[in-house]
Amino acid sequence: MNIDQIFKNNQAWVNEKLGNDPDYFKNLSNGQNPEILYIGCSDSRVTAEEIMGVKPGEVFVMRNISNMVSNLDLSAMSVIDYAVSILKVNHIVICGHYGCGGVKAAMQSKDLGILNPWLRNIRDVYRLHREELNTIDDEENKYRRLVELNVQEQCVNVIKTADVQIAMRQGRLDVHGWVMDMASGKLIDLKIDFEKVLEGIMEIYHLDKDEIDLK
Ligand code: CO
């Protein structure tokens, strides 16, 4: 990849946008009003806007290795808080993908240095679901299922945050779990039954803004 080419591509894109609408960038610079927060993998093949066919201004995006939502990750917590409380998005999407290198690495017993604590979160997903995963003999199918379960658990992590719980109770926010199948290019809605998933765990994670007494 020639870095100079990127600036040429950019100029061509600017020209194309202005050709269609001379006020395009003037309008874009007026502010953003996205309705979706997309949390996906950093994988170079899973390009959020392109696979969803959305334009600049339509989706607030966070990407990291294996689309993780860790409550100790200041970046993730800030993104979610900003998206829900300030931008007031109506949807949060966690999008994983089959063939995810992070998920594959987490299935191996290798010391991966700084990646260890990050991928340990995926190992925790494995531990939570090992009964189901251990019934799958085929390694490839097990790997695909772990990708899906990781999406599910990251959705649960999103729902553990107070801002999201309050917005969901107000009926102004939905959470969705998706997987992108690289082999076909298709986005798959996992249609996670959150009521069922959250049953029994919300008694632990339920948060309210009022009646706080920690003394
Ligand atoms: Co990935």
Side-chain angles (χ1 to χ4, degrees), residues 28-44 46-52 54-97 100-103 105-106 112-125 128 147 149-180 187 190 192 194 197-198 201-202 204-212 214:
L28 204 60
S29 52
N30 281 339
Q32 61 172 335
N33 193 20
E35 288 172 21
I36 300 173
L37 163 60
Y38 169 100
I39 299 174
C41 186
S42 294
D43 191 301
S44 59
V46 193
T47 52
E49 288 87 349
E50 196 171 325
I51 62 173
M52 291 189 286
V54 298
K55 298 190 285 290
E58 291 185 332
V59 179
F60 199 60
V61 173
M62 179 183 83
R63 291 169 68 185
N64 61 36
I65 293 175
S66 299
N67 39 273
M68 305 302 287
V69 176
S70 161
N71 65 331
L72 293 176
D73 177 4
L74 192 56
S75 171
M77 291 301 111
S78 306
V79 164
I80 291 169
D81 179 62
Y82 187 75
V84 174
S85 305
I86 311 291
L87 296 174
K88 303 211 183 298
V89 297
N90 308 117
H91 304 274
I92 299 180
V93 170
I94 304 281
C95 184
H97 67 102
C100 185
V103 174
L112 295 161
I114 188 67
L115 274 174
N116 289 339
W118 191 257
L119 297 179
R120 194 174 302 135
N121 296 310
I122 307 175
R123 291 181 201 271
D124 293 339
V125 174
L128 278 169
V147 165
L149 291 169
N150 185 47
V151 167
Q152 179 177 310
E153 289 304 324
Q154 302 320 313
C155 288
V156 170
N157 285 343
V158 165
I159 297 170
K160 286 175 189 169
T161 65
D163 298 316
V164 169
Q165 287 188 20
I166 289 158
M168 285 179 87
R169 284 202 286 275
Q170 290 171 348
R172 62 178 172 91
L173 180 67
D174 288 314
V175 176
H176 313 264
W178 297 351
V179 167
M180 194 250 184
L187 270 179
L190 295 176
I192 298 167
F194 286 109
V197 170
L198 297 173
I201 64 172
M202 279 318 274
I204 300 163
Y205 296 116
H206 183 96
L207 298 174
D208 267 318
K209 280 273 190 235
D210 48 14
E211 293 170 39
I212 292 172
L214 297 173

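Just so you know, these numbers come straight off a predicted model, no measurement behind them.
- Side-chain contact check for V59 versus M52: some heavy-atom pair is nearer than 4.5 Å.
- Side chains of Y38 and V54 form no contact here, defined as non-hydrogen atoms less than 4.5 Å apart.
- At least one side-chain heavy atom of C95 sits less than 4.5 Å from a side-chain heavy atom of L187.
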*Kindly indicate, with the supporting measurements, whether the criterion side-chain contact (heavy atoms from CB on, under 4.5 Å) is fulfilled by W178 and N67.*
CA-CA 11 Å; W178 297 351; N67 39 273; over 6 Å; no
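- The number of heavy-atom neighbours closer than 6.0 Å to CD1 of I204, taken from other residues, nucleotides and ligands shown, is above 12.
- Closest approach of G102 to I65, counting heavy atoms only: CA-CG2, 4.2 Å.
- At least one side-chain heavy atom of Q154 sits under 4.5 Å from a side-chain heavy atom of V125.
- A donor-acceptor pair under 3.5 Å is formed between the side chain of N157 and the backbone N or O of V69.
- G177 and V151 make their closest contact through CA-CG1, 3.5 Å (heavy atoms, listed as atom of the first residue, atom of the second, distance).
- Atom CD of Q32 sits in a crowded spot, with more than 12 heavy atoms from other residues, nucleotides or ligands closer than 6.0 Å.
- Residues L190 and Q152 have side chains not in contact (no heavy-atom distance under 4.5 Å, counting atoms from C-beta outward).
- Rounding to the nearest 0.5 angstrom, the gap separating the CD1 atom in I51 from the CE atom in M180 is 5.0 Å.
- Here the closest heavy-atom approach between residue V147 and residue V103 is recorded as CG2-CG1, 3.9 Å.
- Residues N150 and M68 have side chains in contact (heavy-atom distance under 4.5 Å, counting atoms from C-beta outward).
- The CG atom of N90 sits 8.5 Å away from the CZ atom of R172 when rounded to the nearest 0.5 Å.
- Not a single salt bridge (Lys or Arg N to Asp or Glu O under 4.0 Å) links K88 to another residue, sequence neighbours left out.
- Between the CE atom in M168 and the CD1 atom in I159 there is a gap of 4.0 Å [rounded to 0.5 Å].
- With values rounded to the nearest 0.5 angstrom, H176 atom NE2 is found 9.0 Å from I92 atom CD1.
- Taking OG of S70 as the start and CH2 of W118 as the end, the distance is 6.0 Å to the nearest 0.5 Å.
- For the residue pair L207 and Q165, the shortest heavy atom distance occurs at N-OE1, 2.6 Å.
- With contacts defined as side-chain heavy-atom distances shorter than 4.5 Å, the pair V164/I80 qualifies.
- Taking CD1 from I36 and CD from E58, the interatomic distance works out to 8.0 Å, rounded to the nearest 0.5 Å.
- The two residues H97 and D43 have their closest heavy-atom pair at CE1-OD2, 3.2 Å.
- Nearest heavy atoms, V89 versus P34: CG1-O, 3.6 Å.
- By the 4.5 Å heavy-atom criterion applied to side chains, I166 and Q170 are counted as neighbours.
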